[in-house]
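Working notes, structure below.
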Amino acid sequence: MNKIQVATAQAPAAIGPYSQAIKCGNILFISGQIPLNPADGSIPEGIEAQTAQSIANIKAILKEAGCTIDNVVKTTVFLADMSLFGPMNEVYGREFTAPFPARSAVAVKELPKQVLVEIETIATLA
């Protein structure tokens with residue numbers, strides 16, 4: 001199996017023993033992206049802005065891998081509370097186009113840095 005690490009300074013650096021993304025064959029696995037601005041380390045306020053920043057981070061990693069958000073086939077959205085689903089979904093729906101990726105969305109007890117959302121992504125490169 002040929003695994004290739006994908007990394008960009010345009011998305012938050014990995015802060016542990018993991019990669020921003022791994023390319024394996026024609027599949028790209030992107031680690032969960034929290035809404036951390038890679039330029040200054042800030043975290044925006046509110047679920048809408050946090051969702052947008054998380055997706056911006058994903059787009060930066062996709063670009064580094066030579067693809068776009070249209071290559072995404074599956075996402076997993078982790079929310080601090082399911083009451084945030086509606087506003088997250090509005091932003092998400094503006095960023096992705098039909099046919100939309102398969103998706104799971106779950107509420108978790110806590111997310112890193114007390115953010116409201118984290119999004120994990122799988123894309124195809126073919």
Side-chain angles (χ1 to χ4, degrees):
M1 172 174 31
N2 187 18
K3 297 189 306 184
I4 299 168
Q5 182 180 34
V6 176
T8 177
Q10 303 306 309
I15 54 172
Y18 65 93
S19 300
Q20 282 179 334
I22 290 290
K23 190 185 311 185
C24 187
N26 70 340
I27 300 174
L28 181 69
F29 298 89
I30 300 177
S31 293
Q33 293 299 302
I34 63 171
L36 187 67
N37 182 322
D40 62 13
S42 66
I43 297 170
E45 295 280 331
I47 186 62
E48 293 92 346
Q50 288 195 16
T51 301
Q53 182 63 59
S54 293
I55 293 172
N57 295 342
I58 290 165
K59 286 180 174 180
I61 296 167
L62 289 164
K63 182 177 179 182
E64 184 68 22
C67 56
T68 71
I69 201 160
D70 292 331
N71 293 84
V72 174
V73 295
K74 171 72 169 84
T75 64
T76 304
V77 179
F78 301 95
L79 295 165
D81 188 294
M82 277 314 271
S83 68
L84 303 170
F85 180 85
M88 175 282 298
N89 200 47
E90 285 186 35
V91 175
Y92 183 100
R94 289 192 298 264
E95 296 290 339
F96 290 93
T97 58
F100 297 102
R103 180 180 73 186
S104 301
V106 296
V108 296
K109 183 177 178 183
E110 188 175 1
L111 290 165
K113 298 186 178 285
Q114 281 63 57
V115 299
L116 301 174
V117 64
E118 179 175 357
I119 304 173
E120 172 182 279
T121 311
I122 301 171
T124 59
L125 303 172

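The structure presented is a predicted model; accordingly, all values stated were derived computationally and were not measured.
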Query raised in the report: Do side-chain atoms of Gln20 reach the backbone of Thr8 as a donor and acceptor pair under 3.5 angstrom?
Result: yes

Query raised in the report: Between Tyr92 and Ile69, is there a shared hydrophobic cluster once you connect ILVMFWY residues whose side-chain heavy atoms come closer than 4.5 Å?
Result: yes

Report task. Say whether, by atom type as modelled, one donor and one acceptor occur between the side chain of Asn57 and the main chain of Leu36 under 3.5 angstrom. Result -> yes

Query raised in the report: If Ile, Leu, Val, Met, Phe, Trp and Tyr residues are connected whenever their side-chain heavy atoms lie under 4.5 Å apart, and connections chain through other members, are Phe96 and Val73 in the same group?
Result: no

Query - Check: Asn71 side chain, Thr124 main-chain N or O, donor-acceptor pair, under 3.5 Å - result: yes

Query raised in the report: So, for Ala65 and Leu125, which heavy atoms are closest and what is the spacing to 0.1 Å?
Result: O-CD2, 4.2 Å

**Report entry** Shortest non-hydrogen contact from Tyr18 toward Ala13
**Finding:** OH-O, 4.4 Å

Query - CG-CD1 distance between Leu84 and Ile47, expressed to the nearest 0.5 angstrom - result: 4.5 Å

Query raised in the report: Say you draw a straight line from CD of Gln10 to CG of Leu62; how long is it, rounded to the nearest 0.5 Å?
Result: 13.5 Å

Report summary line: To the nearest 0.5 Å, atom CG of Asn37 lies from atom CD of Gln53 at 5.0 Å

Report task. Say whether, by atom type as modelled, one donor and one acceptor occur between the side chain of Ser104 and the main chain of Thr76 under 3.5 angstrom. Result -> no

Query raised in the report: Which atom names give the shortest non-hydrogen contact between Met88 and Val117, and what distance separates them?
Result: CG-CG2, 4.4 Å

Report task. Identify, with sequence neighbours excluded, every residue that meets side-chain contact (heavy atoms from CB on, under 4.5 Å) alongside Glu90. Result -> Arg94

**Report entry** Heavy-atom side-chain contact between Phe78 and Val106 under 4.5 Å
**Finding:** yes

Report summary line: Contacts satisfying salt bridge (charged side-chain N to carboxylate O under 4.0 Å, His left out) that involve residues 58-82 (not counting sequence neighbours) are Lys59-Glu95

Query raised in the report: Atom CG in Asn89, atom CD in Glu48: separation rounded to 0.5 Å?
Result: 11.5 Å

Report task. Report yes or no: do Val77 and Ile30 belong to one cluster of Ile/Leu/Val/Met/Phe/Trp/Tyr joined by side chain heavy-atom distances under 4.5 Å? Result -> yes

Query raised in the report: Taking it one step at a time, do Glu120 and Thr75 satisfy side chain to side chain contact (heavy atoms under 4.5 Å, CB included)?
Result: CA-CA 6 Å; Glu120 172 182 279; Thr75 64; over 6 Å; no

Query raised in the report: If two hydrophobic side chains count as joined below 4.5 Å and joins carry through other members, does Met82 share a cluster with Leu116?
Result: yes

Report task. Could you tell me which non-hydrogen atom of Pro112 sits nearest to which non-hydrogen atom of Glu118, and how far apart they are? Result -> CD-OE1, 3.7 Å

Requested in this report: Report whether Ile34 and Phe85 are members of the same hydrophobic cluster (ILVMFWY, side-chain heavy atoms less than 4.5 Å apart, transitive linking).
Outcome: no

Query raised in the report: How far apart are the closest heavy atoms of Ala80 and Leu111, and which atoms are they?
Result: N-CD1, 3.9 Å

**Report entry** Approximate separation, where rounding is to 0.5 Å, of Asp40 CG and Ser42 OG
**Finding:** 3.5 Å

Query raised in the report: Can any side-chain N or O of Ser54 pair as donor or acceptor with the backbone N or O of Gln33 at less than 3.5 Å?
Result: yes

Query raised in the report: Got a second to check how far Thr121's OG1 is from Leu28's CG, nearest 0.5 Å?
Result: 8.5 Å

Requested in this report: Please report the closest heavy-atom contact between Ala9 and Pro38, naming both atoms and the distance.
Outcome: O-CB, 3.7 Å

